[in-house]
Undergrad: 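Below you will find the structure I want to go over with you.
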Number of protein chains: 2
Amino acid sequence: MKTLKIPEATIIRLSVYSRFLYTADKRGIITTSSGDIAEGVGVSPAQVRKDFAYFGEFGTRGVGYNVKDLHRHILKILGLSNIWYVALVGVGNLGLALTSYKGFRERGFHICAIFDSDQGKIGTKIGEVAVQSIDELEKGVRECHAQIGIIAVPAEFAQQVADRLIASGVKAILNFAPVVLNVPPEIELRNVDLAVHLEVLTFNLGMQKA
Amino acid sequence: MKTLKIPEATIIRLSVYSRFLYTADKRGIITTSSGDIAEGVGVSPAQVRKDFAYFGEFGTRGVGYNVKDLHRHILKILGLSNIWYVALVGVGNLGLALTSYKGFRERGFHICAIFDSDQGKIGTKIGEVAVQSIDELEKGVRECHAQIGIIAVPAEFAQQVADRLIASGVKAILNFAPVVLNVPPEIELRNVDLAVHLEVLTFNLGMQKA
DNA sequence: ATTCCAAAGTTAATTATATCACAAACAAGT
DNA sequence: ACTTGTTTGTGATATAATTAACTTTGGAAT
């Protein structure tokens, strides 16, 4: 086990493997193999083993992997063995969708503060959490010790929201606004642009015909 | 201009460039350069030129690119110069968020049919489009000639919805359910798993400390 | 016209990622 | 104990993508 730079593709696959292991475990499966996992998630067995190899040896040769063990290891690697507090900014349809997204809660992400600028929304409860005014962003983020911020506001406000989140102690940002955000290098940033995915599809459809 | 295999990363970047060009054009900018674009979207100028080079020569040396021209070219490449009809299955929060996502309409994606299994939702209008019963999926998809299907239903129903979409003539699927779908090779499939993005963030946060 | 400059287009080098193929190791059966 | 079958872990190989360096070309200024 060497501490090399890990390809991001590997991290993404680990996340997918963990989903596979979660369901395998729920179905009562005790042991699995790189072949099983590979088939289940649509990659090659060698790829699966290589991905694991970045982090150690989790299986026994000739046998395979213990599902529970492996799953626990991967969750640990992904940083999911403890709870993460998340601040959500923007309660449009997308923001709402995110609050109710089962996958987040299941995997240890706890939305602990929600902000919006719409007076009509402030004070309303979404699940357990009351929507706060965007004016109280700094205070609210600090109070619940959010380490992660989710930006689900219109593009024109995204940068200032990002700045304020960072100023309030957030260390990582998931941005759904279709803009390039400027953040200090120590801040982890990921962008999700839903339209991009559709565009990759249409590009590929075009290719087929040609 | 050779017809090689195009990296998917290139397609994704083209999509991002097009967003940059869209705003540049709106601001009245006539001419731009690989350097401008690179800075605007956070990649290297060489990368920008390389990406364009897969598809032809769009600029003039010593000058740069005409914003409108280049934008038009990229939209053409991405298959966005005509309208795409999209069928949406599943009107949970995520489904709702997608229907109201400005980016889709703006870029020529037209949600022409919406399906759900919840009796309470059937018949209600979302924007212009009435929600239909999932029982009428085949009929509804055919009637509006949807080429793309978006799956926003719980994981356990995703595969059967995919099968039915494909049987109804859909050629590409954008899947938001966290499962690996089995589709024929000629069907374009992309999966979006929102939790994955958060997990990449938490992994990276973990790395920082270590 | 000629020269100079700036930025595109292109080729080559580097780096990153994925695949392959095999040796090591464990379990079970003889 | 020994053999056999199986699956891991890994070093070597192949492929892909990015970066860097170079060449070309159009436009502007003299």
Side-chain angles (χ1 to χ4, degrees), chain A residues 1-17 20-21 24 29-71 73-74 77 200 203-204 207, chain B residues 1-17 20-21 24 29-71 73-74 77 200 203-204 207:
Chain A
M1 174 186 175
K2 307 134 206 170
T3 293
L4 291 157
K5 182 164 33 69
I6 316 290
E8 176 163 306
T10 290
I11 305 306
I12 292 171
R13 282 190 300 266
L14 281 182
S15 173
V16 177
Y17 302 155
F20 175 86
L21 292 168
I29 297 165
I30 304 297
T31 303
T32 189
S33 68
S34 59
D36 289 350
I37 299 170
E39 196 183 2
V41 310
V43 301
S44 75
Q47 181 80 79
V48 174
R49 295 198 298 274
K50 201 76 207 251
D51 285 335
F52 294 162
Y54 284 107
F55 302 97
E57 307 189 3
F58 306 121
T60 51
R61 301 180 187 209
V63 178
Y65 304 92
N66 176 281
V67 172
K68 272 190 203 304
D69 266 11
L70 182 59
H71 190 209
H73 272 120
I74 293 181
I77 292 166
V200 175
F203 171 81
N204 286 330
M207 284 295 101
Chain B
M1 173 183 174
K2 309 132 203 169
T3 294
L4 291 157
K5 179 164 35 72
I6 316 290
E8 177 164 304
T10 291
I11 305 308
I12 292 171
R13 281 191 300 267
L14 281 182
S15 173
V16 177
Y17 301 155
F20 174 86
L21 293 168
I29 296 167
I30 305 297
T31 303
T32 189
S33 69
S34 60
D36 289 351
I37 299 172
E39 195 183 2
V41 310
V43 302
S44 74
Q47 182 81 81
V48 173
R49 294 198 299 274
K50 195 84 210 261
D51 286 334
F52 294 163
Y54 285 108
F55 302 97
E57 307 188 4
F58 306 120
T60 51
R61 303 181 186 205
V63 178
Y65 304 92
N66 176 281
V67 172
K68 274 191 202 302
D69 266 11
L70 182 59
H71 191 209
H73 271 120
I74 293 182
I77 292 166
V200 174
F203 171 81
N204 287 328
M207 283 296 100

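Below, chains carry the letters A, B, ... as their sequence lines are ordered, and counting in each starts from 1. Everything numeric here is computed off the predicted structure, so don't read it as measured data.
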Undergrad: Flag yes if more than 12 heavy atoms outside A:H71 fall under 6.0 Å of its NE2 atom; otherwise flag no.
TA: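 Result for NE2/A:H71: enclosed.
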
Undergrad: From CD1 of A:I6 over to P of C:dA18, roughly how many Å is that when rounded to an integer?
TA: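 Those two atoms, CD1 and P, are 12 Å apart.
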
Undergrad: Please tell me which of the listed nucleotides, D:dG9, C:dA18, C:dT10, lies nearest to the side chain of A:E57?
TA: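 Of all the options, the side chain of A:E57 is nearest to D:dG9.
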
Undergrad: Which whole-number value in Å describes the distance from A:I11 CD1 to C:dT17 P?
TA: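 After rounding, the reported distance stands at 11 Å.
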
Undergrad: Would you kindly give the CD-to-P distance between B:Q47 and C:dT14, to the nearest whole Å?
TA: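 To the nearest whole Å, that distance equals 18 Å.
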
Undergrad: Per the side chain to side chain contact (heavy atoms under 4.5 Å, CB included) rule, which among A:L21, A:V43, A:V41 passes with A:V16?
TA: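 So the option named by the test is A:V41.
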
Undergrad: Below 4.0 angstrom, which residues in residues 33-46 of chain A have at least one non-hydrogen atom near DNA chain C?
TA: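 Within this stretch, A:S44, A:A46 sit under 4.0 Å of the strand.
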
Undergrad: Tell me: CZ of A:R13 to P of C:dA16, nearest whole Å?
TA: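 Going from CZ in A:R13 over to P in C:dA16 covers 16 Å.
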
Undergrad: Reckon A:F52 touches a base, only the sugar-phosphate, or nothing at all at heavy-atom distances under 4.0 Å?
TA: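 The answer is nothing, as A:F52 stays clear of every strand by at least 4.0 Å.
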
Undergrad: In whole angstrom, what separates A:F55's CZ from D:dT8's P?
TA: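 Roughly 18 Å, once rounded to whole Å.
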
Undergrad: Rounded to the nearest Å, what distance is computed from the CG atom of residue A:D51 to the P atom of nucleotide C:dA16?
TA: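 After rounding, the gap between these two atoms is 17 Å.
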
Undergrad: State, to 0.1 Å, how close B:S44 and B:A38 come at their nearest heavy-atom pair, and which atoms those are.
TA: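 For B:S44 versus B:A38, the nearest heavy atoms are C-CB, 3.6 Å.
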
Undergrad: Show the numbers, then the answer: is there a side chain to side chain contact (heavy atoms under 4.5 Å, CB included) between A:F52 and A:L14?
TA: CA-CA 8 Å; A:F52 294 162; A:L14 281 182; 3.9 Å; yes

Undergrad: Any idea which of C:dA21, C:dA18, C:dA8 is nearest the A:R49 side chain?
TA: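 Among C:dA21, C:dA18, C:dA8, the one nearest the side chain of A:R49 is C:dA21.
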
Undergrad: Between D:dG9, C:dT11, D:dG27, which one does the side chain of B:V63 approach most closely?
TA: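 For B:V63, the side-chain atoms sit closest to D:dG27.
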
Undergrad: Quick one: A:L70 CG to D:dG9 C1', roughly how many Å, whole number?
TA: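 These atoms are roughly 14 Å apart.
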
Undergrad: Who passes salt bridge (charged side-chain N to carboxylate O under 4.0 Å, His left out) against A:R49, sequence neighbours left out?
TA: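 With neighbours one apart ignored, the set is empty.
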
Undergrad: Check the phosphate of C:dG9 against B:Y65, side-chain N and O only, distance under 4.0 Å to OP1 or OP2. Yes or no?
TA: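 So the side-chain polar atoms of B:Y65 do come within 4.0 Å of the phosphate oxygens OP1 or OP2 of C:dG9, strictly under.
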
Undergrad: Below 3.5 Å, does any donor atom in the side chain of B:R61 face an acceptor in the base of C:dG9, or the other way round?
TA: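 Counting by modelled atom types and ignoring angles, no donor-acceptor contact under 3.5 Å is found here.
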
Undergrad: Which listed nucleotide (D:dT19, D:dT10, D:dA16) is nearest to the side chain of B:K50?
TA: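 Shortest atom-to-atom distance from the side chain points to D:dT19.
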
Undergrad: Is it the case that atom CD1 in B:I29 sees more than 12 heavy atoms from other parts of the structure closer than 6.0 Å?
TA: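 Counting neighbours around CD1 of B:I29, more than 12 heavy atoms of other residues, nucleotides or ligands fall under 6.0 Å, so yes.
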
Undergrad: Any idea which of D:dA17, D:dT8, D:dT10 is nearest the B:P7 side chain?
TA: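 Of D:dA17, D:dT8, D:dT10, D:dA17 is nearest to the side chain of B:P7.
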
Undergrad: Figure out the CZ/P separation between A:F58 and C:dC26, and round it to whole Å.
TA: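 Interatomic distance, CZ of A:F58 to P of C:dC26: 17 Å.
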
Undergrad: I'd like to know whether B:Y17 forms a side chain to side chain contact (heavy atoms under 4.5 Å, CB included) with B:L70, so could you lay out the CA-CA distance, the side-chain angles of the two residues, the decisive distance to 0.1 Å, and finally the verdict.
TA: CA-CA 10 Å; B:Y17 301 155; B:L70 182 59; over 6 Å; no

